[in-house]
Number of protein chains: 4
Amino acid sequence: MIDKPKFRRRKDARPGEIIEAALDVFADHGFAQARLDDIAERAGVSKGSIYLHFSSKEDLFRAVVTKSIAPNVAMVRDLAHSGDADFVQLMEMLPRLLGQVLKASQVGAVAKIVIGESRNFPALALHWHNEVVNPMLSIFTGLIAAAQHSGRVRSGEPRLFAVQLAGPVMLGFLWHEIMEPIGAEPIPFEDLLHQHVQTMLRGMLINLDKIDE
Amino acid sequence: MIDKPKFRRRKDARPGEIIEAALDVFADHGFAQARLDDIAERAGVSKGSIYLHFSSKEDLFRAVVTKSIAPNVAMVRDLAHSGDADFVQLMEMLPRLLGQVLKASQVGAVAKIVIGESRNFPALALHWHNEVVNPMLSIFTGLIAAAQHSGRVRSGEPRLFAVQLAGPVMLGFLWHEIMEPIGAEPIPFEDLLHQHVQTMLRGMLINLDKIDE
Amino acid sequence: MIDKPKFRRRKDARPGEIIEAALDVFADHGFAQARLDDIAERAGVSKGSIYLHFSSKEDLFRAVVTKSIAPNVAMVRDLAHSGDADFVQLMEMLPRLLGQVLKASQVGAVAKIVIGESRNFPALALHWHNEVVNPMLSIFTGLIAAAQHSGRVRSGEPRLFAVQLAGPVMLGFLWHEIMEPIGAEPIPFEDLLHQHVQTMLRGMLINLDKIDE
Amino acid sequence: MIDKPKFRRRKDARPGEIIEAALDVFADHGFAQARLDDIAERAGVSKGSIYLHFSSKEDLFRAVVTKSIAPNVAMVRDLAHSGDADFVQLMEMLPRLLGQVLKASQVGAVAKIVIGESRNFPALALHWHNEVVNPMLSIFTGLIAAAQHSGRVRSGEPRLFAVQLAGPVMLGFLWHEIMEPIGAEPIPFEDLLHQHVQTMLRGMLINLDKIDE
DNA sequence: AATGAATGAGCGTTCATTCAT
DNA sequence: CATGAATGAACGCTCATTCAT
């Protein structure tokens, strides 16, 4: 009773706490099944307080998506500027980074919701596309196009090459998120990334000296 | 009273009609947003009738998933038995078939829901895994393993190769389903499949004569 | 417990019962303070049932207004057709009828709400105007104009005469509804009507023989 | 911190400013729909500050009513003491004054709320009755009774005569407030007052010389 | 078997009120 | 005095589920 300060007076911290709690609840139950009561309770605030910072459940979800996206966007930007590395090296690094982020953060959980709710909240899918998927794809695309110009990569649509690179990363992650929890045989993520990059490089490069031992 | 003919369909057809209607509604709105009223109306039955055949909304959804899976399972089985074709030929055919099915049926839409609701309905994800994903993966895996034994494919984990093959198909499909409706630049699905198979073959095969022109 | 049949199956009667209950509750508490729970309870139905017949609280209120207006509209129409009576006789009858209706029905209570909520629900005020106030005013206006043409009533704007006739009726009624419940000295409604009609006739008629004893 | 001058008004002015703001908001939205946030914002104070001066929303509304009534009470008193004017002249002046006040101030808007909320706040209706309606009615009643004693006005209940005089003023005003905003044909207020007074005088006076030209 | 009126628990949202600062 | 973040009870509305017919 007495150990529960009713008013904490730290407005600035609240939205973040609420978003964190909401992230967990959304990740656990999806958008529709998530209850604001649960989010409020987990955030340690009253339900009404949520509305001091977010105008609706949907708005809160948007914030969650944006927030969970932010660090990834930063990562993507950093990757974009690490362009001085060798093409082959980058090809080996990037999917690994991608995978690390997916697993380290709740991005994957949010991504699943965005996928499931894409028809109900197209704006979120758009946000996701603009901030995460497309930039990341563009980076790969740019690298590949450059490598083609310098004669190291075979002809072919660079954007499709990028999709080819990213696809198994995504599938591996979804497997990890969806199938492994229900008892399916795991897909070793690191091995998958390594083998995929090797295979893709062999399929894309004109001169295989670099990757042949 | 007497002016209402009511051509009663043979009763056995009812569940099927309901499932069909439910498939459409679930595909359009997702699980939580789908309303039984809409499903009943689309199926041309009363809302109460749904409960004559399905014990709950979840049960109905399970049936929808199972039903929409069925033809794919069949397709998978057929693929499995067409094993007399050449490895390269199969590699070119299978992803194409996969893509066709995804686009021709509502499977993809259901898959999106299963992804989004996987935490809420793990049993469905399991069903999906057992009936669709795993068999399909196994077929690819088996083919690749066989090709490795016959010395045509490089060493490497065959199951991972299968994931590498399927990943871009799924990513391309999700892009088609989620990103294109919101105005993103389309990914040409056929081109993607073709280029991916070519790249993967080049990366996997020991002897490249077959695919070099 | 056992005397409470859960399902009564008489859809046609329900809306009427709900409207009646709503009329009472709205009359008691006004629009905003009326709770759907109370209306449902008074109508002997569940809260959800209200939404089988009315799409919203506002819609229900509209129905209440319309319903409580209906008999008055009929009365107005009847009055309009009883035009064969003598002008003086009608002048004595009409306000009396008006007063009777106000007191016999809940119209007055509804009118009060319409007045109070006119800014929030202009559509209702419009409905009230079109269906009740204006027709009634038109009848008076027509009668007076006719009497002017036949040389029995002095010159003057007939519509204003009608307002002059109706005003005290309304004021007397509002007094009865608002002031008397809180202990104000009553205004004897019948006496008011009688005296007002006599005064107005004396003020309007050219030949006073009829009303002078 | 220091760059926030905050010209503090003398604190005594605060309640008045809040009441003014509240008057506007109540007039615009009615009691239930009025939000304390809006009132606070319009008054330029914080929401909590309202509670330094008023114990509840109802209390604030009471203050608004009292305050908006005050000048009218004064006006009524002044009228009461201007009794040296001629009866006919007063009859012509008073309704005009009444009408002016209704239109010039927000009294009418408040009156509408009092009417609509009379069941919820009987105390307010009582206040309104004691401070405004009854005094005003008493003045009319007294004047008429005096005129009867001096043999200038016909027999009849003087209080009812007063109601007869005030009724159309009120009806005309409500029409102006409620019906005209929704597109109803206006009732010319000045003309109404003039014609009503003429008619009433003709109906009440024994000797018509004064008003016959 | 089939209906569809009825249910009622549940949830998102609002807002008057409180109180630590 | 004044603030405004925080509260929490309340309410309108939804919809999966039930059951008398």
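These numbers come from a predicted model, not from an experiment. A note on names: the letters A, B, ... follow the listed sequences, proteins ahead of strands, and every chain is numbered from 1. Side-chain atoms are counted along with the backbone in the values below, which use heavy atoms only and exclude waters and symmetry mates.
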Asker: How far does NZ of D:K57 sit from OH of D:Y51, to the nearest 0.5 angstrom?
Answerer: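 So the gap between those two atoms works out to 8.5 Å.
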Asker: Of all heavy-atom pairs between B:R35 and B:V25, which one has the smallest distance, and what is that distance?
Answerer: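 Taking B:R35 first and B:V25 second, the nearest heavy atoms are N-CG1, 4.3 Å.
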Asker: Between B:A34 and A:G48, which residue's closest nucleotide on DNA chain F lies nearer the 5′ terminus?
Answerer: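 Between the two, 5'-proximity favours A:G48.
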Asker: For E:dA1, which nucleotide in any strand shown is its Watson-Crick or wobble partner with both distances under 3.5 Å?
Answerer: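 Pairing partner: none.
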Asker: By nearest heavy atom, map B:S49 and A:F31 onto DNA chain E; which one lands nearer the 5' end?
Answerer: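 It is B:S49, whose closest nucleotide lies nearer the 5' terminus.
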Asker: Quick one: look up who E:dT21 pairs with, Watson-Crick or G-U, both distances under 3.5 Å, and put none if it's unpaired.
Answerer: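 The base-pairing partner of E:dT21, which may sit in any strand shown, is F:dA2.
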Asker: Starting at atom CD of D:Q33, determine the distance to atom P of E:dT14, rounded to an integer number of angstrom.
Answerer: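 My rounded result for the distance is 12 Å.
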Asker: Take the protein atom NZ of A:K57 and the nucleotide atom P of E:dG10, then report the distance between them rounded to whole Å.
Answerer: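 Checked: the NZ to P distance equals 15 Å.
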Asker: Send over the distance from A:R35 CZ to E:dG12 P, rounded to a whole Å.
Answerer: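 These atoms are roughly 8 Å apart.
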Asker: Could you tell me the separation between the CG atom of A:L36 and the P atom of E:dT14, rounded to a whole number of Å?
Answerer: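 So the two atoms are 11 Å apart, to the nearest Å.
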Asker: For the pair B:E177 and A:R119, find out whether any cationic side-chain nitrogen is under 4.0 Å from an anionic carboxylate oxygen.
Answerer: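 Yes, charged N to carboxylate O under 4.0 Å.
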Asker: Within this structure, what is the CD1-to-P distance between B:I39 and F:dC15, rounded to whole angstrom?
Answerer: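 To the nearest whole Å, that distance equals 12 Å.
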Asker: Give a yes-or-no answer on whether the side chains of A:D24 and A:Q106 include a donor-acceptor pair shorter than 3.5 Å.
Answerer: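 On atom types as modelled, these side chains qualify, holding a pair under 3.5 Å.
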Asker: Given B:F26, which partner from the list B:I19, B:V65, B:L60 fulfils the side-chain contact (heavy atoms from CB on, under 4.5 Å) test?
Answerer: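 Testing each of B:I19, B:V65, B:L60 against B:F26, the sole residue satisfying side-chain contact (heavy atoms from CB on, under 4.5 Å) is B:L60.
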Asker: Rounded to whole Å, how long is the line connecting atom CD1 of B:I18 with atom P of E:dA1?
Answerer: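 Rounding to the nearest Å, CD1 of B:I18 and P of E:dA1 are 11 Å apart.
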Asker: Let me know, please, whether B:L52 or A:D37 comes out on the 5' side of the other along DNA chain E by nearest nucleotide.
Answerer: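 Closer to the 5' end of DNA chain E: B:L52.
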Asker: On DNA chain F, check which nucleotide each of A:I50 and B:A32 is closest to and give me the residue with the more 5' one.
Answerer: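 Closest to the 5' end, via its nearest nucleotide, is A:I50.
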Asker: In this structure, how many angstroms lie between the C1' atom of F:dT17 and the OH atom of B:Y51, rounded?
Answerer: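 Nearest whole value for this atom pair: 5 Å.
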Asker: For E:dT7 and C:S46 - does any side-chain N or O of the residue sit under 4.0 Å from the phosphate oxygens OP1/OP2?
Answerer: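 Yes, C:S46 has a side-chain N/O under 4.0 Å of OP1/OP2 on E:dT7.
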Asker: Counting only Watson-Crick pairs (N1-N3 plus N6-O4 or O6-N4) and G-U wobbles (N1-O2, O6-N3), all under 3.5 Å, who is the partner of F:dA10?
Answerer: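 Its partner is E:dT13.
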Asker: With sugar-phosphate meaning primed atoms plus P, OP1 and OP2, does D:A40 contact a base, only sugar-phosphate, or nothing at under 4.0 Å between heavy atoms?
Answerer: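 It contacts nothing in the nucleic acid.
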Asker: Look at the side chain of B:K47 against the base of F:dT17 and say whether a donor-acceptor pair falls under 3.5 Å; ignore hydrogens and angles.
Answerer: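 Result: at least one qualifying N/O pair found.
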Asker: Between A:F54 (CZ) and F:dA6 (P), how many Å, whole number?
Answerer: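 These atoms are roughly 12 Å apart.
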Asker: Taking OP1 and OP2 of E:dA5, is either one under 4.0 Å from a side-chain nitrogen or oxygen of C:H53?
Answerer: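 The answer is no; no side-chain N or O of C:H53 sits under 4.0 Å from OP1 or OP2.
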